[in-house]
Novice: 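This is the structure I want to talk about, given as structure tokens.
The figures that follow rest on heavy atoms only: side chains count, while hydrogens, waters and symmetry mates do not. Remember, it's a predicted structure, so these values are computed and weren't measured experimentally. Within every chain, numbering begins at 1; the chains are lettered A, B, ... in the order of the sequence lines, protein sequences first and strands thereafter.
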Amino acid sequence: MSKNSSYFEQVFEVTRLIPYGRVTNYGAIANYLSLGSARMVGWALNKCNWNQDDPVPAHRVVNRKGELSARGRFPTPTMMQELLESEGVEVVDDKVKDFKTLLWNPSEELL
DNA sequence: TCTTTGACGTACA
DNA sequence: GTGTACGCCAAAG
């Protein structure tokens, strides 16, 4: 968070804090940043692809069901799943396996 | 300025 | 479990 105040800047920072091999959902980030809506998180992350200078592990952010709803926003639809599997996250049918276990809640685990 | 849209979430029938 | 409705707030047209 540092000194940036923009919605997407804050979302970027929290997203970068997601531990390796873990995932989170939009609601958790929205709640942690008090953005008021998970849509703002998605809207902000939509620009993460443009910002290549500051890599954001947006592939670790999924919806509440653990589905890879963002795969369509990546350069290639399979890229998101490949990245997750590359980190040891099992993906089945475009959904994160054991999502509940891998879920990373910033408000609780970040402290 | 108003309307539509969006990587979502919750509530309810 | 499924479908519909609404909230949420900012950007783009």
Novice: Can you list the residues that meet the side chain to side chain donor-acceptor pair (under 3.5 Å) rule with A:Glu90, with sequence neighbours excluded?
Specialist: none
Novice: Could you walk me through whether A:Arg16 and A:Val56 satisfy the side chain to side chain contact (heavy atoms under 4.5 Å, CB included) test, starting with their C-alpha distance in whole Å, then the side-chain angles of each, then the deciding distance to 0.1 Å, before giving a yes or no?
Specialist: CA-CA 6 Å; A:Arg16 292 194 198 99; A:Val56 178; 4.2 Å; yes
Novice: Just jot down the salt bridge (charged side-chain N to carboxylate O under 4.0 Å, His left out) partners of A:Lys97, sequence neighbours excluded, or say none.
Specialist: none
Novice: Under the salt bridge (charged side-chain N to carboxylate O under 4.0 Å, His left out) rule, what pairs show up with a residue in residues 19-36 of chain A, not counting sequence neighbours?
Specialist: A:Arg22-A:Glu109
Novice: What parts of residues 60-71 of chain A reach DNA chain B, counting only heavy atoms under 4.0 Å away?
Specialist: A:Asn63, A:Arg64, A:Ser69, A:Ala70
Novice: Whole angstrom is fine here: how far is it from CG in A:Leu103 over to P in B:dG9?
Specialist: 11 Å
Novice: Atom pairs under 3.5 Å, N or O on each side, protein against nucleotides 9-11 of chain C: can you list them with distances?
Specialist:
from	atom 1	to	atom 2	distance (Å)
C:dA10	OP1	A:Tyr7	OH	2.6

Novice: So, OP1 or OP2 of B:dC8: does either fall under 4.0 Å of a side-chain N or O from A:Asn25?
Specialist: no
Novice: Looking at every non-hydrogen atom in both residues, tell me the closest pair between A:Val14 and A:Trp104 and how far apart they are.
Specialist: O-CZ3, 4.0 Å
Novice: Looking at every non-hydrogen atom in both residues, tell me the closest pair between A:Phe99 and A:Asn63 and how far apart they are.
Specialist: CZ-O, 3.8 Å
Novice: Pull out every protein N or O sitting under 3.5 Å from an N or O of nucleotides 1-3 of chain C, one pair per line with the distance.
Specialist:
none

Novice: Given the rule in the side chain to side chain contact (heavy atoms under 4.5 Å, CB included) test, do A:Val62 and A:Met80 qualify, once you have shown the distances and angles that lead to the verdict?
Specialist: CA-CA 10 Å; A:Val62 295; A:Met80 187 173 185; 4.0 Å; yes
Novice: By side-chain contact (heavy atoms from CB on, under 4.5 Å), which residues pair with A:Pro77, not counting sequence neighbours?
Specialist: none
Novice: Apply side-chain contact (heavy atoms from CB on, under 4.5 Å) to A:Glu87 and list each qualifying residue two or more places apart in sequence or on a separate chain.
Specialist: A:Tyr20, A:His59, A:Arg60
Novice: Produce the list of close N/O pairs, under 3.5 Å, pairing protein atoms with atoms of nucleotides 3-5 of chain B; give distances to one decimal.
Specialist:
none

Novice: Just grab all the salt bridge (charged side-chain N to carboxylate O under 4.0 Å, His left out) pairs involving residues 25-45 of chain A, residues at least two apart or on different chains.
Specialist: none
Novice: Using the side-chain contact (heavy atoms from CB on, under 4.5 Å) criterion, which residues pair with A:Glu85? Sequence neighbours excluded.
Specialist: A:Gln81, A:Glu82, A:Val91
Novice: Just how far, in rounded Å, is P of C:dG7 from OH of A:Tyr26?
Specialist: 23 Å
Novice: With sequence neighbours excluded, what pairs up with A:Ser107 under the side-chain contact (heavy atoms from CB on, under 4.5 Å) test?
Specialist: A:Asn31, A:Tyr32, A:Asn105
Novice: Which heavy atom in A:Val61 sits nearest to a heavy atom in A:Asn25, and how many Å separate them?
Specialist: CG1-C, 4.4 Å
